[in-house]
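Atoms considered below: every heavy atom in the structure, side chains included; atoms not considered: hydrogens, waters and symmetry mates.
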Amino acid sequence: MSGFSIKYPFFIIVACLVIAIVGTVTLVRMPVDLFPPINIPVVVVATFYSGMPPQQIETNITNPFERFFTLASGVDHIESRSLPGVSLIKIYFQPGTNADADLSTVSNLAMADLRRLPPGTLPPVVLKFDASSLPVCLITLKGQGLNETDLQDLGRYTVRNQIANVPGASVPQPFGGRYRQIMVYVDPLKLEANQLSPMDVVRTVNESNLILPAGDVKIGPVDYNLYSNSQAPTGKFINGMPLKTVGQSSVLVGDVGKAVDASAIQTNIVRVDGQASVYLPILKQGGDTNTMAVVDGIKEALRHLVDIPQQLITRVVFDQSLFVKTAIANLLREGSIGLLLTGVMILLFLGSMRATVAVFLSIPLSALAAFLAISAGGGTVNAMVLGGLALAFSRLIDNSVIVLENIFRHLEMGEAAEVAAEKGGQEVALAVLAATITTAIVFFPVVFLYGVSRFLFMALASAVIPSLWASYFVAMTVVPLYCAKLVKKHEADEEVGEHSASPHGWIVKSFNFYFERMVGKYDRTLAASLLKPVNTVVGLAGVSLLSFSLYPFLGVSFFPRTDPGQMVINLKAPSGTRVELTENYVKRVEQIIHQVVPASELQIIVSNIGITTDFSAITPPTPRHTPPSSK
């Protein structure tokens with residue numbers, strides 16, 4: 001391979017340029033996320049029956065659906081929640097199954113079982129999710145002079161519609177606020193006096209609030225469609241609807257009650273810094289979506305909102321992209337420090353700046369080749385990939401160092417540069433290949449993992465293994481070509497003389513002096529251990545067993561404990577507690593937080609109280625910055 005590179009130098013140069021250019025473009029365009037894509041399909045089935053209590057929802061809707069969904073193939077487990085008027089069922093499928101096929105299967109089963117549900121049940125809503133479909137940020141809405149009904153309308157019909165076109169973002173219904181409704185409050189005594197029931201009022205409002213076709217009329221060249229519009233534009237028109245006629249007089253809605261422009265019964269309250277507000281969760285569509293691009297797109301869309309009141313304040317909170325950026329910045333910083341220290345050590349050991357540059361060619365080329373392989377496999381730039389590359393940085397230069405040392409040995413033996421480069425590469429080709437294989441084979445057990453662990457550590461392996469093989473090909477082609485063209489025989493012979501006459505040479509000479517002393521101590525220790533092999537083996541075995549005894553004191557988790565700067569407090573009141581009373585409990589907790597946490601360290605408090613009985617019940621209420629469990 002080294003002979004081929006020296007014989008065809010332009011081919012190797014062009015190949016390196018292609019990897020550098022295409023790899024850089026690919027890296028810039030790759031999705032960026034905190035974790036790799038986790039392909040565990042989840043199908044959510046939401047069924048609505050307004051007013052039905054949770055016990056009846058579970059008996060009449062949730063249980064029949066759960067039994068029927070077991071007919072689907074590849075089901076791992078099923079979870080469900082029964083809320084007032086809402087049945088939520090999550091079907092988790094085996095990792096790696098086709099999410100679209102799973103969605104189609106569940107949809108067909110849900111529609112086939114619909115006829116067995118109570119009359120009046122709305123058709124189920126079937127949606128596809130995965131383990132990465134979590135809120136990446138929240139948009140809070142508040143403003144002086146805007147009540148909860150105004151905020152709910154603005155969030156549902158104005159803000160949500162203008163930000164829903166951000167690529168990769170999914171914007172569910174808002175949480176909190178009051179849903180605007182025309183409420184008719186009736187007096188039971190007046191109803192009884194007029195021999196009416198509440199259902200008479202409901203029937204009258206439904207039958208009178210209509211738009212009916214009334215035919216058409218042809219006038220001149222135009223044919224006009226006519227409609228009879230009896231819809232009530234405001235609440236006071238409902239008061240004039242007749243309920244029944246007795247003799248010459250009619251009993252109106254206003255005679256037994258009053259229609260008010262109000263809101264539906266509130267079951268969900270959102271508080272932002274103690275003020276009643278509304279927030280919109282922003283979901284990322286799929287694991288291959290760029291989290292930072294989604295959040296940046298949402299922020300840009302919020303800056304260009306139209307047809308909103310001036311006092312409306314929109315703010316992005318719980319921004320998960322900050323954690324992604326922080327993780328990437330930390331990894332890049334630590335990787336750069338490690339790269340710098342590796343370069344210093346190579347320079348000290350080899351004592352040649354040209355040799356150090358030759359070795360460092362393997363790092364960018366290998367990393368870019370790894371990103372090309374990851375992109376071809378549909379991967380993303382995430383913490384696991386960057387961590388794998390940071391782990392492999394020092395290993396990437398080992399192959400090049402071995403080849404370079406052998407080439408320098410041939411140069412010092414008096415051979416020409418091209419001959420030394422070719423022979424030096426060929427002699428160690430098998431040894432370098434064996435070293436690369438033994439390192440790559442360490443990641444083979446990853447194929448036996450399952451669940452979330454498989455997706456996490458497969459991403460780690462997909463970064464390390466391609467970079468290792470790329471470093472092998474760089475060491476066998478680029479390094480011999482570099483030495484054949486840029487390193488001459490006299491440079492290898494004069495290294496020692498140059499070192500003694502320059503500050504750099506003095507540093508290298510001093511380092512080698514102390515290194516030789518350390519090697520001498522190591523030789524004496526090795527000799528002593530060889531004289532007593534039994535004691536050495538027993539001692540090492542004892543230390544190993546002692547280290548295993550510490551395992552019970554260690555925790556178990558996917559990642560080390562971090563400080564995300566966010567605290568989540570879950571409160572549970574007795575079942576059936578009024579939402580207003582629960583809000584008072586939350587207020588007391590917020591007061592305690594303000595007393596304990598200094599004002600300089602407290603950024604925002606967002607409280608989500610109660611439950612939602614509409615489409616928002618499908619959506620996770622708040623972001624989570626920890627990886628999903630393997631369950």
Side-chain angles (χ1 to χ4, degrees), residues 48-54 56-57 83-86 118-123 145-158 173-174 176-217 219 224-269 276 278 307 309 576 578-581 610-616:
F48 301 91
Y49 194 116
S50 180
M52 183 177 286
Q56 297 301 317
I57 288 285
L83 306 174
V86 182
T121 304
L122 297 178
L146 298 175
N147 55 37
E148 292 182 84
T149 305
D150 297 332
L151 293 174
Q152 171 68 224
D153 280 351
L154 289 170
R156 184 182 295 263
Y157 301 113
T158 304
Q173 304 285 357
R178 297 175 182 267
Y179 186 74
R180 184 188 176 196
Q181 279 187 351
I182 303 296
M183 305 294 291
V184 180
Y185 300 97
V186 296
D187 189 336
L189 297 179
K190 293 181 180 180
L191 285 175
E192 185 178 0
N194 290 281
Q195 298 181 349
L196 295 171
S197 68
M199 289 307 300
D200 293 325
V201 179
V202 173
R203 192 179 305 109
T204 297
V205 173
N206 289 334
E207 294 176 353
S208 302
N209 195 41
L210 297 173
I211 297 179
L212 298 176
D216 65 336
V217 58
I219 302 177
Y224 294 94
N225 293 322
L226 301 180
Y227 298 92
S228 175
N229 186 357
S230 63
Q231 280 191 328
T234 60
K236 69 177 183 178
F237 285 89
I238 297 179
N239 292 326
M241 294 180 179
L243 295 173
K244 72 175 185 177
T245 302
V246 179
Q248 299 297 322
S249 62
S250 298
V251 179
L252 307 179
V253 173
D255 297 331
V256 298
K258 178 177 62 174
V260 180
D261 189 349
S263 60
I265 298 175
Q266 188 176 18
T267 60
N268 178 233
I269 299 175
V278 170
D307 297 331
R578 294 175 56 179
V579 68
E580 296 85 2
L581 183 57
I611 59 174
T612 56
T613 58
D614 57 5
F615 198 78
S616 299

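- Across every non-hydrogen atom of Gly120 and Tyr49, the tightest pair is C-CE1, 3.7 Å.
- Rounding to the nearest 0.5 Å gives a distance of 13.5 Å between CE of Met52 and CG of Leu83.
- Closest of all the heavy-atom pairs between Leu151 and Ala276 is CD1-O, 3.8 Å.
- The nearest pair of heavy atoms linking Pro84 to Ile611 is CD-CD1, 3.4 Å.
- Other residues, nucleotides and ligands contribute more than 12 heavy atoms inside 6.0 Å of the CD atom of Glu580.
- Residue Ile265 places its CD1 atom among 12 or fewer non-hydrogen atoms of other residues, nucleotides or ligands, all under 6.0 Å distant.
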Determine, step by step, whether Leu196 and Val186 satisfy the side chain to side chain contact (heavy atoms under 4.5 Å, CB included) criterion, reporting the C-alpha distance in whole Å, the side-chain angles of both residues, the deciding distance to 0.1 Å, and the verdict. CA-CA 11 Å; Leu196 295 171; Val186 296; over 6 Å; no
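- One finds the OH atom of Tyr179 at 11.5 Å from the OG1 atom of Thr149 (value rounded to the nearest 0.5 Å).
- Evaluated for a side chain to side chain contact (heavy atoms under 4.5 Å, CB included) with Leu191, the options Val256, Val251, Asp200 yield exactly one hit, Val256.
- A donor-acceptor distance shorter than 3.5 angstrom exists from the side chain of Gln152 to the backbone of Gly176, with no hydrogens or angles considered.
- At least one side-chain heavy atom of Leu243 sits less than 4.5 Å from a side-chain heavy atom of Val201.
- Note that CG of Leu189 and CG of Asp187 are 5.0 Å apart. Values are rounded to the nearest 0.5 Å.
- The closest side-chain heavy-atom distance from Leu154 to Pro174 is not below 4.5 Å.
- We find the OG1-CG distance between Thr204 and Asn209 to be 11.5 Å, quoted to the nearest 0.5 Å.
- Taken from OG in Ser228 to CD1 in Ile211, the straight-line distance is 9.0 Å, to the nearest 0.5 Å.
- Taking a 6.0 Å sphere around CD of Gln231, one finds it holds more than 12 heavy atoms contributed by other residues, nucleotides or ligands.
- Shortest non-hydrogen contact noted between Tyr227 and Pro213 is CD2-CA, 3.9 Å.
- Residues Ala232 and Phe237 share a closest heavy-atom pair of CB-CB, 3.9 Å.
- Contact annotation: the side chain of Val86 approaches that of Phe48 to within less than 4.5 Å [non-hydrogen atoms, C-beta and beyond].
- Identified under the side-chain hydrogen bond (donor to acceptor under 3.5 Å, both in side chains) test for residues 239-267, with sequence neighbours left out: Glu148-Gln266, Arg178-Gln266, Arg180-Asp261, Thr245-Ser250.
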